[in-house]
Amino acid sequence: MNTSATQTLGTNAKDLRTAAALLGAGALVAFPTETVYGLGADARNAQAVAAIYAAKGRPSFNPLIVHVSDVEQAKRYVQWSDTADGLARAFWPGALTLVLPLKDGHGLSALVTAGLDTLAIRVPSHPTAIALLHAADCPVAAPSANPSGRISPTSAAHVLDGLSGKIAAVLDDGPCTVGLESTIVGLTPAPILLRAGGVSAEDLETALGHSLGHPPGHPLGAPQSANITAPGQLASHYAPAAHVRLNARAARGDEVLLGFGDIAGDLTLSATGDLIEAAAHLFEHLHALDKTGRPIAVAPIPDTGLGLAINDRLTRAAAPR
Ligand code: AMP
Ligand code: MG
């Protein structure tokens, strides 16, 4: 994590190049979108994505929305479809996020999707967000730029209140028109409204030419609270198929061992005990060990910093199913 002073940048060409270079170097840059200020990191860089969770102090890993500059960029990462094309033509750039199956060779960090095989992606309409995406020339993962549990920031001053010293820079382009968060539509493949937001269900249905499905537990017409991850909002959570045993100091029987610190495993989250590095490796290593078809033993992870989010996910993976 960057612990030196946070730079406040403007929107002139030089400052945009500085912000883009910081993103390229794996640093965190907050930037305005039409909804709220986002906390951006290069979505291909697992350490940078892990640093988002560390800066926000999030106690759990939620998949993040990846921001791209246009439809052509989106097609590099997800399996595009006619329905996606229709919705993108109608609502991009803008406050609509599409959840689509990841494309082979997407190159994104598994932490961005929290290990899922689908990706939430959108093209924002804020000119400064678009200018930054063009300058950085990379997919940018960005949740709201506030510490976990605090109110979403609608100005650079709000961002600095919460994250000063924890991020490399904030691009100041004045207050956001306080809008709603993006509407999230799942297309895997039937269109489902996963979160209500800036684009209305009626407008989506007009563009689709038919009605939208709703996830179980969300009666038609009941809008979800914009900031709360309602149960059932996620189609599924990644969990390994294998049995998982926590706090293991060594493998037993047929187990493969996921190591940490001085407990070296078949794969090790971080040999130096660095929790950001461990978070960056978590989903990739779980997937790889799961592929062996053997039960997974996991070394103890301290319950501090990002260790909370790592243990949250490991505890769910170990829960009887
Ligand atoms: P935020 O970035 O705070 O607007 O939150 C992103 C939202 O997108 C969260 O509610 C996630 O649960 C949701 N989300 C991100 N990726 C996926 C995905 N692959 N499938 C379903 N929901 C997703
Ligand atoms: Mg938020």
Side-chain angles (χ1 to χ4, degrees), residues 28 30-41 43 49 52-53 55-68 74 77-79 81 84 94-103 106 108-124 126 129 139-154 158-159 162-163 176 178-199 212-218 223-239 283 287 309 312-313 316:
L28 303 184
F31 63 97
T33 76
E34 67 271 35
T35 59
V36 298
Y37 273 71
L39 180 54
V49 175
I52 287 181
Y53 289 96
K56 285 180 68 80
R58 271 205 187 179
S60 61
F61 296 120
N62 245 353
L64 304 175
I65 296 172
V66 168
H67 298 68
V68 291
Y77 307 106
V78 288
Q79 295 173 38
S81 65
L96 177 68
T97 296
L98 299 177
V99 174
L100 289 157
L102 277 166
K103 193 167 164 178
H106 55 80
L108 302 178
S109 137
L111 194 56
V112 161
T113 62
L116 298 174
D117 54 12
T118 54
L119 177 70
I121 194 162
R122 96 176 171 104
V123 176
H126 196 293
V140 173
S144 55
N146 54 293
S148 188
R150 300 256 300 267
I151 296 168
S152 291
T154 53
H158 293 164
V159 174
L163 298 174
C176 306
V178 185
L180 291 163
E181 294 191 72
S182 63
T183 299
I184 304 181
V185 171
L187 291 178
T188 55
I192 291 180
L193 184 64
L194 295 172
R195 179 176 78 185
V199 171
L212 270 170
H214 294 259
H218 290 295
Q224 295 172 30
S225 163
N227 271 316
I228 294 169
T229 304
Q233 180 175 317
L234 265 183
S236 66
H237 274 289
Y238 167 72
F283 290 102
H287 273 293
D312 168 75
R313 183 42 53 105
R316 289 170 203 246

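Both ligands and their constituent atoms are indexed starting at 1 by order of listing.
In summary, the atoms of ligand 1 found under 4.0 Å from a heavy atom of Ala120, numbered by their order in the structure, are 15 (C), 16 (N), 17 (C). For ligand 1, the atoms closer than 4.0 angstrom to any heavy atom of Thr118 are 18 (C), 19 (N), 20 (N). Those atoms of ligand 1 that come under 4.0 Å of a heavy atom in Glu181, given as number and element, are 4 (O). Near Ile184, meaning under 4.0 Å from any of its heavy atoms, are these atoms of ligand 1: 7 (C), 8 (O), 13 (C).
Inclusion of Arg195 in the set of residues having an N or O under 3.5 Å from an N or O of ligand 1 is warranted. Distances between N or O atoms of Asn62 and those of ligand 1 include no value under 3.5 Å.
Formation of a donor-acceptor pair under 3.5 Å by the Gln79 side chain with backbone atoms of Leu102 is found in this model. Remark: the backbone N or O of Gly149 is not paired with any side-chain donor or acceptor of Lys56 at under 3.5 angstrom. Side-chain atoms of His158 come within 3.5 Å of backbone N or O of Thr154 as a donor-acceptor pair.
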Point to revise | Chi angles and distances behind the ring pair (Phe, Tyr, Trp, His ring centres under 6.0 Å) call for Tyr37, Phe31 | key: CA-CA 5 Å; Tyr37 273 71; Phe31 63 97; 8.3 Å; no
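Counting heavy atoms from C-beta outward, Pro189 and Ser81 have side chains that stay 4.5 Å or more apart.
In this structure, a donor-acceptor pair under 3.5 Å is present between the side chains of Ser182 and Arg195.
By the 4.0 Å heavy-atom criterion, Thr113 is excluded from the residues contacting ligand 1.
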